[in-house]
Amino acid sequence: MTQDELKQQVAAAALKHVPRGEVIGVGTGSTVNFFIDALAGIRQDIKGAVSSSERSTERLRAHGIAVFDLNDVPRLSVYVDGADEIDPQGAMIKGGGGALTREKIIAEAADRFVCIVDQSKLVPTLGRFPLPVEVVPMARELVAQRLRSMGGDPRERAGYVTDNGNIILDVHGLQITEPREFESRVNQIPGVVTVGLFALRGADVALVGTSEGVEQRNFTPRTR
Ligand code: 5RP
């Protein structure tokens with residue numbers, strides 16, 4: 001199976017986790033694009049979506065799915081999103097698509113985070129994928145220095161501006177063995193808007209697309 005077929009398979013499997021009659025949280029990325037396309041098939045059964053990016057909003061609307069402002073629906077039962085890496089405890093690196101800040105906000109508003117990935121995203125330790133950090137532009141060098149002192153090699157994502165008008169530093173060379181602590185430390189650097197480490201609020205469920213079918217992994221705050 002190709003990687004796209006694995007993504008499509010896992011996106012379809014996520015429909016089982018969508019509560020009927022409600023507004024659901026929808027993430028960003030190529031796997032989520034397949035999920036949005038699948039969601040179109042049950043659009044009459046859901047009230048709509050809160051979206052984590054302009055790109056996902058456009059795709060949802062193109063399918064006739066209503067998009068709500070999070071301020072009008074501050075509590076969601078479910079948030080469905082992809083990840084760049086996920087570890088055995090359900091901690092993730094996200095933000096490869098640059099939507100990490102809105103993703104983190106919506107994840108926090110949701111009771112259940114359903115992560116949809118193909119098997120290539122499973123890792124024993126986070127960090128091979130460069131960790132995205134959204135930064136206020138004037139703090140670029142300050143934040144980069146702090147990240148270097150934490151063992152990383154931050155590189156500005158060239159020509160990229162987030163939906164919130166900020167830049168992204170992609171931090172290479174990390175091996176994140178204590179993701180919750182690392183997330184807290186990066187959060188405390190002035191000028192950091194969001195770190196794309198989702199460990200303090202990790203996934204509750206991962207649906208993993210493999211050539212043998214979709215595997216479901218469940219995480220609890222205790223195992224995280
Ligand atoms: C976007 C994200 C995505 O979930 C992540 O980059 C995975 O994307 P894809 O499904 O295209 O592999 O965090 O900010």
Side-chain angles (χ1 to χ4, degrees), residues 1-15 17 24-39 49-60 70 78-87 90-110 112-123 126-135 156-157 159-172 174 176 179 183 186 192-210 214 217:
M1 270 174 126
T2 66
Q3 198 180 17
D4 271 357
E5 284 168 341
L6 295 177
K7 289 180 180 184
Q8 209 161 1
Q9 160 184 264
V10 82
L15 289 182
H17 295 260
I24 65 158
V26 173
T28 297
S30 56
T31 316
V32 167
N33 282 345
F34 286 122
F35 173 67
I36 294 173
D37 296 347
L39 203 55
V50 168
S51 162
S52 70
S53 66
E54 304 298 333
R55 276 164 287 155
S56 290
T57 297
E58 224 176 88
R59 199 173 188 99
L60 286 159
L70 183 67
V78 169
Y79 177 52
V80 179
D81 198 357
D84 299 302
E85 284 186 348
I86 181 163
D87 80 4
M92 296 163 283
I93 285 184
K94 293 186 44 51
L100 60 163
T101 295
R102 296 187 188 185
E103 291 174 346
K104 206 172 248 197
I105 294 168
I106 301 176
E108 184 65 25
R112 205 166 145 80
F113 188 136
V114 177
C115 177
I116 51 174
V117 286
D118 64 82
Q119 60 197 5
S120 70
K121 309 292 184 66
L122 299 176
V123 296
L126 299 173
R128 196 183 51 204
F129 189 92
L131 177 67
V133 182
E134 181 167 346
V135 174
E156 184 174 354
R157 197 174 293 185
Y160 190 82
V161 179
T162 69
D163 282 349
N164 315 302
N166 297 309
I167 60 163
I168 290 190
L169 296 177
D170 290 306
V171 190
H172 296 246
L174 294 170
I176 308 172
E183 182 177 354
V186 179
V192 167
V193 177
T194 303
V195 54
L197 195 50
F198 286 57
L200 296 166
R201 201 286 176 255
D204 297 294
V205 176
L207 301 176
V208 184
T210 76
V214 175
R217 301 185 181 198

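Atoms within each ligand, like the ligands themselves, are counted from 1 in listed order. Just so you know, these numbers come straight off a predicted model, no measurement behind them.
- A side-chain donor-acceptor contact under 3.5 Å links Thr101 and Thr194.
- When only interatomic distances are considered, the shortest N/O to N/O separation between Gly95 and ligand 1 falls below 3.5 Å.
- Within the structure, ligand 1 has Ala83 among the residues with a heavy atom less than 4.0 angstrom away.
- The environment of Arg128 atom CZ is sparse: at most 12 non-hydrogen atoms of other residues, nucleotides or ligands sit within 6.0 angstrom.
- Closest approach of Gly209 to Gln9, counting heavy atoms only: CA-NE2, 3.7 Å.
- Under the side chain to side chain contact (heavy atoms under 4.5 Å, CB included) test applied with Leu197, the options Ile93, Leu100, Val171 reduce to a single match, Ile93.
- The part of Asp81 lying near ligand 1 is the side chain, judged by heavy-atom distances below 4.0 Å.
- Heavy-atom proximity to Lys94, at under 4.0 Å, picks out these atoms of ligand 1: 2 (C), 3 (C), 4 (O), 13 (O).
- Close approach of ligand 1 to Gly82 (heavy-atom distance below 4.0 Å) involves ligand atoms 4 (O).
- Cation-pi geometry between Lys94 and Phe198 is met: the NZ or CZ atom falls under 6.0 Å from the ring centre, inside 45° of the normal.
- Close contacts between ligand 1 and Glu103 involve ligand atoms 1 (C), 2 (C), 13 (O), 14 (O) [criterion: under 4.0 Å to a heavy atom].
- The nearest protein atom to atom 6 (O) of ligand 1, hydrogens excluded, is given as Asp84 OD1, 2.6 Å; this is a heavy-atom distance.
- Some N or O of Ala99 is nearer than 3.5 Å to an N or O of ligand 1, by distance alone.
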